[in-house]
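Comments concern the structure below.
Letters A, B, ... are given to chains in the order of the sequence lines, protein chains preceding strands, and every chain is numbered from 1. This is a predicted model, so every value here is computed, not measured.
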Amino acid sequence: MLTPYAEFWYRFKKDRLAVAGSIIVISLFMVSFLAPFIAPYDPVAIDARHVLMPPSLTHWFGTDDLGRDVFSRIVFGARISLKVGFFSVGISVLIGILIGALAGYYGSLIDSIIMRFVDTMLCFPTFFLIIALIALFEPSIWIIMIVIGATNWMGVARLVRAEFLSLKQREFVLAARTAGAGDLRIIFSHILPNALAPVLVYATLGIAAAILIESSLSFLGIGVQPPTPSWGNILTVGKDNIEIAWWLSLFPGLAILITVLGYNLLGEGIRDALDPRLR
Amino acid sequence: MTRYLLKRLAAMIPMLIGITVISFLVIHIAPGSPADLLVQMNPKASPEAKARLRAYYGLDKPLYIQYLFWLKQIAVLDFGYSFTPDGRRVTDKIRERLPVTISINVLSLLLILVIALPVGVLSSVYQRSLFDKFSTVFVFLGFAWPSFWLALLLMMLFGVTLGWLPISGLKSYNHDNLSAMAQIIDYGRHLILPILVSAFGGMAGMSRYVRSSMLEVIRQDYIRTARAKGLSELRVMYRHALRNALLPVITLLGLSVPGLIGGSVIFETIFAIPGMGQLFWQSAMSRDYPVIMGMLVIGAILTLIGNILADISYAIADPRIRVA
């Protein structure tokens with residue numbers, strides 16, 4: 001008899017796609033932390049003599065309109081995507097857990113009011129909300145992370161609520177209450193740990209979604225502001241020079257694609273390993 | 001059926017009110033008041049003029065009074081006037097943009113269905129076949145592919161390298177001189193890339209969904225019964241399994257409305273298409289508060305309508321829903 005943890009590992013290791021996803025994600029972490037050692041150039045150093053150079057041995061991914069090395073900018077851009085991914089999902093998971101737990105645990109009137117609110121939030125085209133909020137504040141990486149987090153918690157809330165609705169009926173909750181545990185204690189140290197598995201899956205997939213949103217915003221010009229390199233704002237330069245510099249449009253997009261793919265594969269792998277019936 | 005319909009419509013009312021509250025708050029929690037903005041545009045405005053403006057827009061009143069005042073206005077579909085120099089009615093501005101965005105979204109929904117249904121069905125019927133593996137790869141790429149990057153690559157390939165398709169706007173410069181048929185073709189050529197971009201992500205999601213929904217249904221007892229009766233595999237799949245598997249797709253279509261409307265910001269900005277998304281983007285950039293609020297409300301109401309339509313179609317297709 002395996003422990004649930006060992007059983008999870010056993011299944012996860014056999015899933016080739018999940019392993020590929022983990023390798024991508026781990027590599028991304030390493031690239032972010034080792035960026036200054038990997039990047040051959042300063043990502044913000046302007047070089048007027050080497051503007052819009054195609055890929056070559058000296059500049060692997062070419063240079064942009066200000067002569068900055070695109071490879072170095074992409075390497076440093078990994079830091080932005082990592083930061084945005086984790087912080088904004090952290091925020092949305094926190095909000096989602098609090099609201100979902102409240103609705104699921106207390107039920108009745110509180111539940112119906114909260115869930116109506118969630119349904120209403122889901123009516124808004126998320127991208128409209130995000131753009132409106134960012135346009136009203138000054139765009140900065142913190143605003144972006146907070147806004148992405150504040151507009152993407154509804155899925156987590158629904159998930160946590162559903163888990164709480166079924167878990168609160170179980171014997172161990174009754175046992176805890178009989179032993180004199182208060183609501184807060186039951187919510188956070190008895191029910192919540194049992195509800196976290198699906199949240200983990202959702203969060204991993206959410207990181208991928210957050211990275212996509214951030215790169216779209218940076219591409220549109222209201223995300224991460226140049227000269228700070230982000231994959232999205234390198235692509236903006238690519239669009240401005242679409243007729244002469246294909247490398248500016250190709251490489252940053254590949255970086256986004258591989259990253260998002262990595263988190264998605266990892267998330268799906270975790271889900272399948274947690275519950276093989278869903279396959 | 002009528003009772004079900006009335007119940008669904010009644011449930012809309014609190015959500016409509018919620019939509020207006022959220023749209024109003026989004027604008028008013030931001031730093032800086034709309035009056036400051038109006039004054040910024042005219043730096044010579046005196047403090048008295050500013051006070052007059054504040055009074056004119058009702059900004060000197062408490063927040064809830066302002067909200068009720070606004071609600072009274074929008075109840076008769078009056079969203080006020082735009083802050084931009086043209087000062088036009090918000091409803092007029094939105095009305096002339098709606099048809100473009102809605103047509104593109106409807107066409108891309110159709111494209112999603114035309115591609116995703118066969119792909120999803122075939123990969124479930126031939127589970128673990130080469131086709132299934134191939135389409136799974138397509139699905140994973142589709143989920144991860146940034147739509148704006150796809151737009152950029154398509155522009156580069158079809159617009160720049162091959163020069164087959166226009167990459168900006170809705171019609172050519174000589175559009176008005178063309179014959180009626182040529183005008184339609186001209187629109188079509190401009191719309192191919194935007195529709196492809198807006199449908200791409202949805203195709204992946206939908207074919208995945210159809211596949212898992214089919215796999216779910218194939219395991220049911222009534223499929224085994226159908227097979228045991230000696231029906232041909234084709235009849236079992238298309239007559240018994242597919243019909244039931246497609247029911248949840250209706251709901252998914254309804255749920256995809258906000259994503260499509262939100263996504264229109266991206267492809268309309270990239271391809272310079274004069275639709276809702278572009279208007280929203282321009283209004284947000286110029287802090288045109290009345291237009292932003294109006295579009296948040298209308299965008300959310302469109303979603304609500306999409307969900308209701310999906311619910312009604314589901315109830316028509318599946319009698320179990322009406323009774324329950």
Tell me, for B:Ile19 versus chain A, whether the close heavy atoms (under 4.5 Å) come from the side chain, the backbone, both or neither. both
What part of B:Ile270 gets closer than 4.5 Å to chain A, counting heavy atoms only: side chain, backbone, both or neither? both
Rounded to the nearest 0.5 Å, how far apart are CG of A:Asp119 and CE of B:Met12? 13.0 Å
For A:Glu243, does the CD atom have more than 12 heavy-atom neighbours from other residues, nucleotides or ligands under 6.0 Å away? no
Considering all heavy atoms of both residues, which atom of A:Ala132 and which atom of B:Val26 are nearest to each other, and what is their separation? CB-CG1, 4.2 Å
Taken to the nearest 0.5 Å, the spacing of A:Phe128 CZ from B:Met276 CE works out to 4.5 Å
Pick from A:Ile222, A:Leu133, A:Thr126, A:Leu129: which one has the most heavy-atom pairs with chain B under 4.5 Å? A:Ile222
Who among B:Gly263, B:Ala144, B:Ser212, B:Ser264 has the most heavy-atom pairs with chain A under 4.5 Å? B:Ala144
Only pairs of heavy atoms separated by less than 4.5 Å count here; which of B:Asn307, B:Leu260, B:Val160, B:Ile292 has the most with chain A? B:Val160
Counting heavy-atom pairs under 4.5 angstrom with chain B, the leader among A:Ser216, A:Gly238, A:Ala208 is A:Ser216
Would you find more than 12 non-hydrogen atoms of other residues, nucleotides or ligands less than 6.0 Å from B:Glu216 atom CD? no
Mind checking the CE-CD1 spacing from B:Met156 to A:Ile242? Nearest 0.5 Å is all I need. 6.0 Å
Rounded to the nearest 0.5 Å, the CG atom of A:Leu136 sits from the OH atom of B:Tyr289 at a distance of 5.5 Å
Once rounded to the nearest 0.5 Å, what's the spacing between atom CZ of B:Phe148 and atom NZ of A:Lys239? 12.0 Å
Does the pair A:Phe219 and B:Leu152 meet the rule for a side-chain contact (heavy atoms from CB on, under 4.5 Å), with working shown? CA-CA 11 Å; A:Phe219 175 72; B:Leu152 209 58; 4.3 Å; yes
Closest non-hydrogen contact found for A:Pro125 with B:Thr303 is CD-OG1, 4.5 Å
Counting only non-hydrogen atoms closer than 4.5 Å, does B:Phe280 touch chain A with its backbone (N, CA, C, O), its side chain (CB onward), both, or neither? side chain
Closest heavy-atom pair and its distance - B:Leu141, A:Leu257: O-CD1, 4.1 Å
Short question: side chain of A:Arg116, backbone of B:Pro14 - any donor-acceptor pair under 3.5 Å? no
Step by step, would you call A:Val260 with B:Phe143 a side-chain contact (heavy atoms from CB on, under 4.5 Å)? CA-CA 8 Å; A:Val260 174; B:Phe143 274 132; over 6 Å; no
Around atom CG of B:Leu130, are there more than 12 heavy atoms from other residues, nucleotides or ligands closer than 6.0 Å? no
Tell me, do B:Thr161 and A:Trp246 make a side-chain contact under 4.5 Å, heavy atoms counted? no
Looking at every non-hydrogen atom in both residues, tell me the closest pair between A:Cys123 and B:Pro258 and how far apart they are. O-CB, 4.0 Å
Which bit of A:Ile211 comes within less than 4.5 Å of chain B, counting heavy atoms only: side chain, backbone, both or neither? neither
Would a distance-only check, ignoring hydrogens and angles, find a side-chain to backbone donor-acceptor pair under 3.5 Å from B:Trp281 to A:Leu220? no
Measuring from B:Ser23:OG to A:Phe124:CZ, what's the distance to the nearest 0.5 Å? 3.5 Å
Test log, rule side-chain contact (heavy atoms from CB on, under 4.5 Å), inputs A:Leu254 and B:Trp149: CA-CA 9 Å; A:Leu254 275 179; B:Trp149 186 47; 3.9 Å; yes
